[in-house]
A.B. asks: 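Quick one: this structure, given as C-alpha coordinates, is what I'll be asking you about.
Everything numeric in this text was worked out from a predicted model, so none of it was measured. No hydrogens, no waters, no symmetry mates; every other heavy atom, side chains included, goes into these values.
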Protein chains: 2
Amino acid sequence: MRASDRAYSSLREDIIEWRLRPGAVLAEVEQSERLGVSRTPVREALGRLTAEGLTTAAGGRGVVVTDVSLESIDELFELRETLEVRAAALAAQRGEPAVFSELHSQLLRAPELLSEEDPGRHKYYDLVGQLDEAIDAAISNSYLATAMRSIRVHLVRIRRLAADDAARLHAAAAEHAAIAEAIAGGNPRLAEAATIVHLHRSLTHVKAAHQAR
Amino acid sequence: MRASDRAYSSLREDIIEWRLRPGAVLAEVEQSERLGVSRTPVREALGRLTAEGLTTAAGGRGVVVTDVSLESIDELFELRETLEVRAAALAAQRGEPAVFSELHSQLLRAPELLSEEDPGRHKYYDLVGQLDEAIDAAISNSYLATAMRSIRVHLVRIRRLAADDAARLHAAAAEHAAIAEAIAGGNPRLAEAATIVHLHRSLTHVKAAHQAR
DNA sequence: AATCATCACTATGTATACACTCGAGCTATG
DNA sequence: CATAGCTCGAGTGTATACATAGTGATGATT
(Lines give C-alpha, C1' and ligand atoms only; values in the text may rest on other atoms or scores of the structure.)
Protein backbone atom coordinates (compact mmCIF):
# COMPACT_ATOMS: atom_id res chain seq x y z
CA MET A 1 0.00 0.00 0.00
CA ARG A 2 1.28 3.44 -0.87
CA ALA A 3 2.27 5.83 1.87
CA SER A 4 -0.07 8.48 0.47
CA ASP A 5 -2.97 6.04 0.71
CA ARG A 6 -2.16 5.27 4.32
CA ALA A 7 -1.87 8.97 5.12
CA TYR A 8 -5.18 9.62 3.40
CA SER A 9 -7.01 6.78 5.15
CA SER A 10 -5.56 7.74 8.51
CA LEU A 11 -6.47 11.41 8.25
CA ARG A 12 -9.90 10.59 6.87
CA GLU A 13 -10.58 8.26 9.77
CA ASP A 14 -9.40 10.86 12.25
CA ILE A 15 -11.76 13.44 10.80
CA ILE A 16 -14.76 11.11 10.51
CA GLU A 17 -14.28 9.81 14.04
CA TRP A 18 -14.07 13.37 15.34
CA ARG A 19 -10.56 12.89 16.69
CA LEU A 20 -9.70 15.84 14.47
CA ARG A 21 -12.34 18.46 15.24
CA PRO A 22 -13.65 21.11 12.84
CA GLY A 23 -11.29 24.05 12.78
CA ALA A 24 -8.23 21.90 13.53
CA VAL A 25 -5.24 23.00 11.48
CA LEU A 26 -3.42 20.24 9.61
CA ALA A 27 0.11 21.45 8.91
CA GLU A 28 2.09 19.35 6.46
CA VAL A 29 5.26 18.97 8.52
CA GLU A 30 3.34 18.28 11.71
CA GLN A 31 1.24 15.53 10.10
CA SER A 32 4.19 14.02 8.25
CA GLU A 33 6.01 13.58 11.59
CA ARG A 34 2.90 12.19 13.28
CA LEU A 35 2.23 9.67 10.50
CA GLY A 36 5.88 8.79 9.93
CA VAL A 37 5.99 9.65 6.23
CA SER A 38 7.44 12.59 4.34
CA ARG A 39 5.57 15.70 3.32
CA THR A 40 4.93 14.52 -0.24
CA PRO A 41 2.35 11.80 0.51
CA VAL A 42 0.80 13.94 3.26
CA ARG A 43 0.42 16.73 0.77
CA GLU A 44 -1.33 14.43 -1.68
CA ALA A 45 -3.61 13.12 1.06
CA LEU A 46 -4.58 16.66 2.10
CA GLY A 47 -5.31 17.48 -1.53
CA ARG A 48 -7.70 14.56 -1.78
CA LEU A 49 -9.42 15.45 1.48
CA THR A 50 -9.85 19.03 0.31
CA ALA A 51 -11.30 17.84 -2.99
CA GLU A 52 -13.83 15.79 -1.02
CA GLY A 53 -14.72 18.76 1.15
CA LEU A 54 -13.57 17.29 4.46
CA THR A 55 -10.92 20.00 4.68
CA THR A 56 -10.47 23.43 3.11
CA ALA A 57 -7.30 25.24 2.16
CA ALA A 58 -6.76 28.20 4.48
CA GLY A 59 -4.31 30.19 2.34
CA GLY A 60 -0.81 29.91 3.66
CA ARG A 61 -2.05 28.69 7.01
CA GLY A 62 -2.35 25.01 6.20
CA VAL A 63 -5.64 23.22 5.65
CA VAL A 64 -8.35 23.15 8.29
CA VAL A 65 -11.03 20.55 9.00
CA THR A 66 -14.36 21.84 7.68
CA ASP A 67 -17.13 22.80 10.02
CA VAL A 68 -20.41 20.87 10.30
CA SER A 69 -23.09 23.50 10.72
CA LEU A 70 -26.85 23.11 10.74
CA GLU A 71 -26.97 24.82 7.35
CA SER A 72 -24.40 22.48 5.86
CA ILE A 73 -26.40 19.50 7.10
CA ASP A 74 -29.50 20.90 5.42
CA GLU A 75 -27.60 21.45 2.20
CA LEU A 76 -26.04 17.99 2.29
CA PHE A 77 -29.41 16.32 2.78
CA GLU A 78 -30.92 18.38 -0.03
CA LEU A 79 -28.34 16.92 -2.41
CA ARG A 80 -28.66 13.52 -0.82
CA GLU A 81 -32.40 13.45 -1.36
CA THR A 82 -32.01 14.57 -4.94
CA LEU A 83 -29.62 11.74 -5.70
CA GLU A 84 -31.03 8.93 -3.62
CA VAL A 85 -34.65 9.44 -4.59
CA ARG A 86 -33.64 9.17 -8.21
CA ALA A 87 -31.35 6.25 -7.44
CA ALA A 88 -34.14 4.34 -5.72
CA ALA A 89 -36.45 4.88 -8.68
CA LEU A 90 -33.82 3.73 -11.17
CA ALA A 91 -32.98 0.70 -9.06
CA ALA A 92 -36.65 -0.27 -9.02
CA GLN A 93 -36.63 -0.13 -12.81
CA ARG A 94 -33.33 -1.87 -13.44
CA GLY A 95 -32.46 -3.96 -10.37
CA GLU A 96 -32.65 -7.71 -9.89
CA PRO A 97 -35.74 -8.26 -7.72
CA ALA A 98 -34.18 -11.29 -6.04
CA VAL A 99 -31.26 -9.26 -4.70
CA PHE A 100 -33.48 -6.67 -3.06
CA SER A 101 -35.95 -9.28 -1.89
CA GLU A 102 -33.12 -10.95 0.02
CA LEU A 103 -31.99 -7.62 1.46
CA HIS A 104 -35.56 -6.87 2.46
CA SER A 105 -35.89 -10.00 4.57
CA GLN A 106 -32.46 -9.44 6.09
CA LEU A 107 -33.40 -5.89 7.04
CA LEU A 108 -36.56 -7.15 8.69
CA ARG A 109 -34.34 -9.23 10.96
CA ALA A 110 -32.08 -6.24 11.73
CA PRO A 111 -33.31 -5.94 15.36
CA GLU A 112 -31.44 -9.19 16.07
CA LEU A 113 -28.21 -7.56 14.94
CA LEU A 114 -28.82 -4.56 17.17
CA SER A 115 -29.56 -6.57 20.30
CA GLU A 116 -26.15 -8.20 20.25
CA GLU A 117 -23.16 -6.79 22.02
CA ASP A 118 -21.68 -4.55 19.33
CA PRO A 119 -20.97 -0.97 20.36
CA GLY A 120 -20.08 0.03 16.81
CA ARG A 121 -23.17 -1.62 15.32
CA HIS A 122 -20.87 -2.91 12.61
CA LYS A 123 -23.14 -5.72 11.41
CA TYR A 124 -26.07 -3.36 11.15
CA TYR A 125 -24.18 -0.72 9.25
CA ASP A 126 -22.67 -3.40 7.01
CA LEU A 127 -26.16 -4.50 6.04
CA VAL A 128 -27.23 -0.95 5.27
CA GLY A 129 -24.02 -0.59 3.28
CA GLN A 130 -24.95 -3.67 1.28
CA LEU A 131 -28.23 -2.02 0.33
CA ASP A 132 -26.34 1.05 -0.86
CA GLU A 133 -24.01 -1.12 -2.91
CA ALA A 134 -26.87 -3.10 -4.39
CA ILE A 135 -28.55 0.13 -5.48
CA ASP A 136 -25.29 1.41 -6.98
CA ALA A 137 -24.84 -1.85 -8.87
CA ALA A 138 -28.44 -1.94 -10.09
CA ILE A 139 -28.21 1.58 -11.51
CA SER A 140 -24.87 0.91 -13.23
CA ASN A 141 -24.11 4.60 -13.66
CA SER A 142 -20.58 5.47 -12.63
CA TYR A 143 -21.24 9.23 -12.48
CA LEU A 144 -24.23 8.82 -10.22
CA ALA A 145 -22.38 6.28 -8.08
CA THR A 146 -19.43 8.65 -7.70
CA ALA A 147 -21.70 11.50 -6.67
CA MET A 148 -23.39 9.35 -4.03
CA ARG A 149 -20.11 8.02 -2.71
CA SER A 150 -18.85 11.55 -2.27
CA ILE A 151 -21.71 12.46 0.06
CA ARG A 152 -21.57 9.23 2.08
CA VAL A 153 -18.25 10.31 3.60
CA HIS A 154 -19.89 13.38 5.06
CA LEU A 155 -22.87 11.35 6.21
CA VAL A 156 -20.69 8.98 8.22
CA ARG A 157 -19.11 11.94 9.98
CA ILE A 158 -22.52 13.37 10.83
CA ARG A 159 -23.77 9.97 11.95
CA ARG A 160 -20.97 9.72 14.49
CA LEU A 161 -22.14 13.04 15.84
CA ALA A 162 -25.76 11.90 16.07
CA ALA A 163 -24.94 8.99 18.42
CA ASP A 164 -27.76 6.87 17.08
CA ASP A 165 -29.92 5.36 19.78
CA ALA A 166 -31.45 1.91 19.52
CA ALA A 167 -34.96 3.22 18.92
CA ARG A 168 -33.88 5.29 15.95
CA LEU A 169 -31.89 2.42 14.47
CA HIS A 170 -34.85 0.06 14.71
CA ALA A 171 -37.03 2.58 12.93
CA ALA A 172 -34.34 3.26 10.31
CA ALA A 173 -34.00 -0.48 9.62
CA ALA A 174 -37.74 -0.68 8.98
CA GLU A 175 -37.50 2.30 6.62
CA HIS A 176 -34.61 0.67 4.76
CA ALA A 177 -36.62 -2.53 4.54
CA ALA A 178 -39.48 -0.57 2.98
CA ILE A 179 -37.12 0.86 0.37
CA ALA A 180 -35.72 -2.58 -0.46
CA GLU A 181 -39.23 -3.98 -0.71
CA ALA A 182 -40.34 -1.25 -3.11
CA ILE A 183 -37.28 -1.81 -5.31
CA ALA A 184 -37.79 -5.57 -5.26
CA GLY A 185 -41.39 -4.97 -6.30
CA GLY A 186 -40.23 -2.91 -9.28
CA ASN A 187 -42.26 0.08 -8.14
CA PRO A 188 -40.28 3.31 -8.80
CA ARG A 189 -42.86 5.69 -7.33
CA LEU A 190 -43.09 3.71 -4.12
CA ALA A 191 -39.31 3.46 -3.91
CA GLU A 192 -39.09 7.24 -4.24
CA ALA A 193 -41.70 7.78 -1.55
CA ALA A 194 -40.06 5.33 0.86
CA THR A 195 -36.72 7.08 0.33
CA ILE A 196 -38.21 10.52 0.91
CA VAL A 197 -39.78 9.36 4.15
CA HIS A 198 -36.57 7.76 5.36
CA LEU A 199 -34.40 10.76 4.56
CA HIS A 200 -36.85 13.17 6.15
CA ARG A 201 -36.87 11.24 9.41
CA SER A 202 -33.13 10.77 9.31
CA LEU A 203 -32.58 14.49 8.85
CA THR A 204 -34.94 15.35 11.69
CA HIS A 205 -33.09 12.97 13.99
CA VAL A 206 -29.67 14.25 13.01
CA LYS A 207 -30.62 17.89 13.42
CA ALA A 208 -32.10 17.25 16.85
CA ALA A 209 -28.90 15.49 17.94
CA HIS A 210 -26.80 18.31 16.50
CA GLN A 211 -28.72 20.99 18.33
CA ALA A 212 -28.47 19.06 21.59
CA ARG A 213 -24.75 19.80 21.60
CA MET B 1 -0.39 31.94 -9.98
CA ARG B 2 1.01 28.62 -8.82
CA ALA B 3 2.80 26.35 -11.26
CA SER B 4 0.47 23.48 -10.35
CA ASP B 5 -2.54 25.65 -11.22
CA ARG B 6 -1.05 26.52 -14.58
CA ALA B 7 -0.26 22.89 -15.27
CA TYR B 8 -3.80 21.91 -14.29
CA SER B 9 -5.47 24.59 -16.40
CA SER B 10 -3.27 23.84 -19.36
CA LEU B 11 -3.87 20.10 -19.30
CA ARG B 12 -7.58 20.58 -18.68
CA GLU B 13 -7.84 22.90 -21.66
CA ASP B 14 -5.92 20.45 -23.85
CA ILE B 15 -8.28 17.64 -22.90
CA ILE B 16 -11.48 19.67 -23.26
CA GLU B 17 -10.40 21.07 -26.62
CA TRP B 18 -9.58 17.56 -27.81
CA ARG B 19 -5.92 18.38 -28.40
CA LEU B 20 -5.29 15.48 -26.03
CA ARG B 21 -7.44 12.64 -27.32
CA PRO B 22 -8.99 9.87 -25.25
CA GLY B 23 -6.44 7.15 -24.66
CA ALA B 24 -3.52 9.58 -24.78
CA VAL B 25 -0.93 8.75 -22.13
CA LEU B 26 0.18 11.63 -19.92
CA ALA B 27 3.58 10.75 -18.51
CA GLU B 28 4.79 12.98 -15.70
CA VAL B 29 8.27 13.67 -17.04
CA GLU B 30 7.01 14.23 -20.57
CA GLN B 31 4.38 16.73 -19.44
CA SER B 32 6.73 18.47 -17.02
CA GLU B 33 9.15 19.12 -19.89
CA ARG B 34 6.36 20.26 -22.20
CA LEU B 35 4.91 22.65 -19.63
CA GLY B 36 8.26 23.85 -18.32
CA VAL B 37 7.68 22.94 -14.67
CA SER B 38 8.95 20.12 -12.50
CA ARG B 39 7.20 16.83 -11.90
CA THR B 40 5.71 17.91 -8.57
CA PRO B 41 3.11 20.40 -9.85
CA VAL B 42 2.38 18.17 -12.86
CA ARG B 43 1.73 15.32 -10.49
CA GLU B 44 -0.69 17.41 -8.47
CA ALA B 45 -2.46 18.54 -11.65
CA LEU B 46 -2.85 14.95 -12.85
CA GLY B 47 -4.26 14.01 -9.45
CA ARG B 48 -6.89 16.71 -9.73
CA LEU B 49 -7.80 15.71 -13.28
CA THR B 50 -8.14 12.08 -12.21
CA ALA B 51 -10.37 13.09 -9.29
CA GLU B 52 -12.59 14.95 -11.77
CA GLY B 53 -12.74 11.96 -14.06
CA LEU B 54 -11.05 13.56 -17.06
CA THR B 55 -8.18 11.09 -16.70
CA THR B 56 -7.77 7.70 -15.06
CA ALA B 57 -4.70 6.18 -13.46
CA ALA B 58 -3.40 3.33 -15.61
CA GLY B 59 -1.15 1.69 -13.02
CA GLY B 60 2.49 2.08 -13.84
CA ARG B 61 1.80 3.34 -17.31
CA GLY B 62 0.95 6.92 -16.42
CA VAL B 63 -2.53 8.39 -16.53
CA VAL B 64 -4.63 8.25 -19.67
CA VAL B 65 -7.32 10.62 -20.95
CA THR B 66 -10.71 9.01 -20.34
CA ASP B 67 -12.82 7.83 -23.22
CA VAL B 68 -16.13 9.44 -24.17
CA SER B 69 -18.39 6.58 -25.13
CA LEU B 70 -22.07 6.61 -25.95
CA GLU B 71 -22.78 4.85 -22.65
CA SER B 72 -20.79 7.40 -20.67
CA ILE B 73 -22.76 10.21 -22.34
CA ASP B 74 -26.01 8.51 -21.35
CA GLU B 75 -24.78 8.10 -17.79
CA LEU B 76 -23.57 11.68 -17.58
CA PHE B 77 -26.89 13.03 -18.79
CA GLU B 78 -28.76 10.83 -16.35
CA LEU B 79 -26.90 12.48 -13.49
CA ARG B 80 -27.20 15.87 -15.15
CA GLU B 81 -30.95 15.59 -15.43
CA THR B 82 -31.24 14.46 -11.83
CA LEU B 83 -29.34 17.50 -10.61
CA GLU B 84 -30.54 20.19 -12.98
CA VAL B 85 -34.21 19.32 -12.80
CA ARG B 86 -34.03 19.66 -9.04
CA ALA B 87 -31.92 22.80 -9.35
CA ALA B 88 -34.45 24.44 -11.63
CA ALA B 89 -37.28 23.66 -9.23
CA LEU B 90 -35.37 25.04 -6.25
CA ALA B 91 -34.39 28.15 -8.17
CA ALA B 92 -38.03 28.75 -9.01
CA GLN B 93 -38.83 28.59 -5.29
CA ARG B 94 -35.91 30.63 -3.99
CA GLY B 95 -34.62 32.83 -6.80
CA GLU B 96 -35.03 36.53 -7.35
CA PRO B 97 -37.62 36.82 -10.16
CA ALA B 98 -36.03 40.01 -11.48
CA VAL B 99 -32.70 38.26 -12.14
CA PHE B 100 -34.27 35.51 -14.22
CA SER B 101 -36.65 37.88 -15.91
CA GLU B 102 -33.66 39.84 -17.17
CA LEU B 103 -31.92 36.65 -18.31
CA HIS B 104 -35.10 35.56 -20.04
CA SER B 105 -35.27 38.68 -22.20
CA GLN B 106 -31.55 38.47 -22.93
CA LEU B 107 -31.91 34.85 -24.03
CA LEU B 108 -34.74 35.81 -26.37
CA ARG B 109 -32.28 38.14 -28.09
CA ALA B 110 -29.64 35.38 -28.33
CA PRO B 111 -30.02 35.02 -32.12
CA GLU B 112 -28.36 38.44 -32.43
CA LEU B 113 -25.31 37.11 -30.63
CA LEU B 114 -25.14 34.09 -32.91
CA SER B 115 -25.38 36.02 -36.14
CA GLU B 116 -22.25 38.01 -35.36
CA GLU B 117 -18.81 36.92 -36.40
CA ASP B 118 -17.75 34.77 -33.48
CA PRO B 119 -16.53 31.28 -34.31
CA GLY B 120 -16.31 30.34 -30.63
CA ARG B 121 -19.80 31.66 -29.86
CA HIS B 122 -18.27 33.13 -26.73
CA LYS B 123 -20.98 35.69 -26.08
CA TYR B 124 -23.67 33.07 -26.43
CA TYR B 125 -21.99 30.58 -24.13
CA ASP B 126 -21.27 33.38 -21.65
CA LEU B 127 -24.96 34.14 -21.48
CA VAL B 128 -25.85 30.49 -20.92
CA GLY B 129 -23.13 30.39 -18.28
CA GLN B 130 -24.76 33.36 -16.57
CA LEU B 131 -28.00 31.40 -16.33
CA ASP B 132 -26.12 28.51 -14.71
CA GLU B 133 -24.50 30.87 -12.24
CA ALA B 134 -27.80 32.55 -11.44
CA ILE B 135 -29.36 29.16 -10.70
CA ASP B 136 -26.39 28.18 -8.52
CA ALA B 137 -26.68 31.44 -6.60
CA ALA B 138 -30.45 31.18 -6.19
CA ILE B 139 -30.20 27.68 -4.72
CA SER B 140 -27.39 28.63 -2.33
CA ASN B 141 -26.39 25.03 -1.72
CA SER B 142 -22.66 24.51 -1.96
CA TYR B 143 -22.89 20.72 -2.21
CA LEU B 144 -25.37 20.87 -5.06
CA ALA B 145 -23.35 23.58 -6.78
CA THR B 146 -20.17 21.53 -6.49
CA ALA B 147 -21.88 18.48 -7.95
CA MET B 148 -23.17 20.48 -10.91
CA ARG B 149 -19.80 22.14 -11.50
CA SER B 150 -18.16 18.73 -11.63
CA ILE B 151 -20.34 17.58 -14.50
CA ARG B 152 -20.06 20.83 -16.48
CA VAL B 153 -16.42 20.07 -17.24
CA HIS B 154 -17.39 16.88 -19.01
CA LEU B 155 -20.26 18.64 -20.79
CA VAL B 156 -17.94 21.22 -22.29
CA ARG B 157 -15.75 18.45 -23.66
CA ILE B 158 -18.74 16.71 -25.20
CA ARG B 159 -20.04 20.00 -26.59
CA ARG B 160 -16.79 20.54 -28.47
CA LEU B 161 -17.35 17.15 -30.02
CA ALA B 162 -20.90 17.95 -31.03
CA ALA B 163 -19.87 20.92 -33.20
CA ASP B 164 -23.08 22.79 -32.51
CA ASP B 165 -24.73 24.11 -35.61
CA ALA B 166 -26.60 27.41 -35.72
CA ALA B 167 -30.01 25.74 -35.88
CA ARG B 168 -29.42 23.76 -32.70
CA LEU B 169 -28.06 26.80 -30.88
CA HIS B 170 -31.11 28.88 -31.79
CA ALA B 171 -33.38 26.14 -30.47
CA ALA B 172 -31.27 25.70 -27.34
CA ALA B 173 -31.45 29.43 -26.64
CA ALA B 174 -35.23 29.27 -26.81
CA GLU B 175 -35.22 26.32 -24.43
CA HIS B 176 -32.99 28.17 -22.01
CA ALA B 177 -35.29 31.16 -22.26
CA ALA B 178 -38.21 28.92 -21.33
CA ILE B 179 -36.35 27.69 -18.26
CA ALA B 180 -35.49 31.24 -17.18
CA GLU B 181 -39.10 32.30 -17.71
CA ALA B 182 -40.44 29.46 -15.58
CA ILE B 183 -37.99 30.28 -12.78
CA ALA B 184 -38.83 33.98 -12.98
CA GLY B 185 -42.49 33.03 -12.71
CA GLY B 186 -41.82 31.05 -9.56
CA ASN B 187 -43.26 27.90 -11.10
CA PRO B 188 -41.19 24.86 -9.99
CA ARG B 189 -43.12 22.26 -11.94
CA LEU B 190 -42.86 24.25 -15.14
CA ALA B 191 -39.16 24.86 -14.54
CA GLU B 192 -38.65 21.11 -14.14
CA ALA B 193 -40.57 20.37 -17.32
CA ALA B 194 -38.68 22.97 -19.33
CA THR B 195 -35.39 21.56 -18.09
CA ILE B 196 -36.37 17.98 -18.93
CA VAL B 197 -37.32 19.03 -22.45
CA HIS B 198 -34.09 20.95 -22.94
CA LEU B 199 -31.87 18.14 -21.67
CA HIS B 200 -33.68 15.53 -23.72
CA ARG B 201 -33.18 17.50 -26.92
CA SER B 202 -29.62 18.32 -26.04
CA LEU B 203 -28.84 14.65 -25.43
CA THR B 204 -30.44 13.62 -28.71
CA HIS B 205 -28.39 16.19 -30.58
CA VAL B 206 -25.13 15.22 -28.87
CA LYS B 207 -25.63 11.51 -29.44
CA ALA B 208 -26.40 12.06 -33.12
CA ALA B 209 -23.22 14.10 -33.50
CA HIS B 210 -21.24 11.47 -31.62
CA GLN B 211 -22.47 8.65 -33.82
CA ALA B 212 -21.69 10.64 -36.95
CA ARG B 213 -18.00 10.27 -36.09
C1' DA C 1 6.11 -23.48 -31.65
C1' DA C 2 4.26 -21.94 -27.42
C1' DT C 3 4.74 -20.65 -22.77
C1' DC C 4 6.99 -19.30 -18.70
C1' DA C 5 10.60 -17.09 -16.24
C1' DT C 6 13.94 -13.57 -15.88
C1' DC C 7 16.00 -9.19 -16.76
C1' DA C 8 16.22 -4.55 -17.82
C1' DC C 9 13.99 -0.31 -18.51
C1' DT C 10 10.74 3.12 -17.74
C1' DA C 11 7.63 5.61 -15.05
C1' DT C 12 5.74 6.33 -10.76
C1' DG C 13 6.31 6.78 -5.44
C1' DT C 14 8.93 9.02 -1.76
C1' DA C 15 12.23 11.88 0.59
C1' DT C 16 14.57 16.10 1.19
C1' DA C 17 16.58 20.57 0.20
C1' DC C 18 15.65 25.15 -1.22
C1' DA C 19 12.66 29.25 -2.52
C1' DC C 20 9.03 32.18 -1.65
C1' DT C 21 4.88 34.10 0.18
C1' DC C 22 1.86 35.48 3.68
C1' DG C 23 1.07 36.90 8.69
C1' DA C 24 2.01 38.22 13.08
C1' DG C 25 4.31 41.06 16.11
C1' DC C 26 7.23 44.85 17.05
C1' DT C 27 8.99 49.39 16.46
C1' DA C 28 9.11 53.95 15.05
C1' DT C 29 6.75 57.99 13.79
C1' DG C 30 2.86 61.28 13.29
C1' DC D 1 -1.86 56.75 21.69
C1' DA D 2 -2.78 55.03 17.20
C1' DT D 3 -1.21 53.62 12.84
C1' DA D 4 1.86 52.41 9.27
C1' DG D 5 5.94 50.09 7.90
C1' DC D 6 9.37 46.65 8.67
C1' DT D 7 11.37 42.52 10.07
C1' DC D 8 11.26 37.87 11.32
C1' DG D 9 9.38 33.34 11.07
C1' DA D 10 6.46 29.58 10.02
C1' DG D 11 4.57 27.04 6.45
C1' DT D 12 3.53 26.08 1.86
C1' DG D 13 5.28 25.72 -3.23
C1' DT D 14 8.75 23.73 -6.24
C1' DA D 15 12.72 21.21 -7.76
C1' DT D 16 15.51 17.24 -7.78
C1' DA D 17 17.64 12.98 -6.32
C1' DC D 18 16.77 8.33 -5.00
C1' DA D 19 13.82 4.05 -4.24
C1' DT D 20 10.67 0.88 -6.11
C1' DA D 21 7.37 -1.47 -8.69
C1' DG D 22 5.30 -2.80 -12.85
C1' DT D 23 5.69 -3.88 -17.75
C1' DG D 24 7.42 -5.48 -21.95
C1' DA D 25 10.74 -7.95 -24.33
C1' DT D 26 13.87 -11.64 -24.80
C1' DG D 27 15.54 -15.96 -24.15
C1' DA D 28 15.35 -20.71 -22.70
C1' DT D 29 12.84 -24.75 -21.90
C1' DT D 30 9.18 -28.06 -22.64
Side-chain angles (χ1 to χ4, degrees), chain A residues 1-16 19-67 142 146 149-150 153, chain B residues 1-16 18-67 142 146 149 153:
Chain A
M1 197 184 201
R2 297 184 307 179
S4 63
D5 289 335
R6 279 186 290 126
Y8 167 75
S9 301
S10 179
L11 285 169
R12 205 182 97 139
E13 275 272 313
D14 287 341
I15 294 172
I16 288 176
R19 289 189 290 267
L20 287 172
R21 295 297 197 74
V25 177
L26 305 180
E28 292 179 7
V29 283
E30 172 196 348
Q31 296 302 319
S32 71
E33 287 168 6
R34 186 171 76 89
L35 300 171
V37 295
S38 84
R39 274 184 58 208
T40 308
V42 169
R43 192 179 172 73
E44 182 177 327
L46 291 176
R48 279 206 258 173
L49 291 170
T50 301
E52 283 182 311
L54 286 176
T55 57
T56 53
R61 210 63 181 157
V63 307
V64 300
V65 179
T66 53
D67 189 36
S142 60
T146 301
R149 239 194 313 280
S150 76
V153 188
Chain B
M1 197 186 202
R2 297 183 307 177
S4 62
D5 289 336
R6 276 186 293 125
Y8 168 74
S9 301
S10 179
L11 286 169
R12 205 182 97 138
E13 276 270 313
D14 286 341
I15 293 172
I16 288 176
W18 293 81
R19 288 189 290 266
L20 287 173
R21 294 298 195 78
V25 177
L26 306 180
E28 292 178 6
V29 283
E30 173 196 345
Q31 295 302 318
S32 70
E33 287 169 5
R34 188 172 74 89
L35 300 170
V37 295
S38 84
R39 273 183 59 206
T40 309
V42 169
R43 191 178 173 74
E44 183 176 326
L46 292 176
R48 278 207 259 172
L49 291 170
T50 300
E52 283 182 312
L54 286 176
T55 58
T56 52
R61 211 59 186 163
V63 306
V64 300
V65 179
T66 54
D67 189 36
S142 60
T146 301
R149 239 193 313 279
V153 188

A.B. asks: OP1, OP2 of dG13(C) versus side-chain N and O of Arg43(B): anything below 4.0 Å?
C.D. replies: yes
A.B. asks: Quick one: how far along DNA chain D does chain A reach, first to last nucleotide 5' to 3', anything under 4.0 Å to a heavy atom?
C.D. replies: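 Taking any atom under 4.0 Å from a heavy atom of chain A, the span is dT12(D) to dT14(D).
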A.B. asks: Taking any heavy-atom pair under 4.0 Å as a contact, classify Leu26(B): base, sugar-phosphate, or nothing.
C.D. replies: sugar-phosphate
A.B. asks: Looking only at heavy atoms, which two atoms of Val42(A) and Ser32(A) are closest? And how far apart?
C.D. replies: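 Smallest interatomic distance, heavy atoms only, reads CG2-CA, 3.6 Å.
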A.B. asks: Can you name the closest pair of heavy atoms from Ala3(B) and Val37(B) and give their distance?
C.D. replies: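 Ala3(B) and Val37(B) have their closest heavy atoms at CB-CG1, 3.9 Å.
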A.B. asks: So, Asp5(B) and Arg12(B), do they make that salt bridge, N to O below 4.0 Å?
C.D. replies: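 Between Arg12(B) and Asp5(B) there is no salt bridge, as every charged N stays at least 4.0 Å from the carboxylate O atoms.
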A.B. asks: Looking at side-chain heavy atoms only, is the closest gap between Arg43(B) and Arg43(A) below 4.5 Å?
C.D. replies: no
A.B. asks: side-chain contact (heavy atoms from CB on, under 4.5 Å), that's the test. Do Arg34(B) and Leu11(B) meet it? Break it down for me.
C.D. replies: CA-CA 11 Å; Arg34(B) 188 172 74 89; Leu11(B) 286 169; 3.7 Å; yes
A.B. asks: Ala57(A) and Thr50(A): which non-hydrogen atoms are nearest, and at how many Å?
C.D. replies: N-CG2, 4.1 Å
A.B. asks: Quick one: does Val64(B)'s side chain get under 4.5 Å of Thr56(B)'s, heavy atoms only?
C.D. replies: yes
A.B. asks: Starting at atom CD of Glu44(B), determine the distance to atom C1' of dT12(C), rounded to an integer number of angstrom.
C.D. replies: 16 Å
A.B. asks: Tell me, which of residues 1-14 of chain B have any heavy atom that sits under 4.0 Å from an atom in DNA chain D?
C.D. replies: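 Result for residues 1-14 of chain B: Arg2(B), Ala3(B), Ser4(B), sorted by number.
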A.B. asks: Can you find a heavy atom in the side chain of Thr55(B) that is under 4.5 Å from one in the side chain of Leu26(B)?
C.D. replies: yes
A.B. asks: Let's go through Arg39(A) and Leu46(A) carefully: what are the C-alpha distance in whole Å and the side-chain angles of both, what is the deciding distance for side-chain contact (heavy atoms from CB on, under 4.5 Å) to 0.1 Å, and is it a yes or a no?
C.D. replies: CA-CA 10 Å; Arg39(A) 274 184 58 208; Leu46(A) 291 176; over 6 Å; no
A.B. asks: With the threshold set at under 4.0 Å for non-hydrogen atoms, list the residues of residues 28-41 of chain A touching DNA chain D in residue-number order.
C.D. replies: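 Of all residues in residues 28-41 of chain A, the ones placing a heavy atom under 4.0 Å from DNA chain D are Glu28(A), Arg39(A).
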A.B. asks: Provide the closest heavy-atom pair for Ala7(A) versus Pro41(A) in the form atom of the first, atom of the second, distance.
C.D. replies: CB-O, 4.3 Å
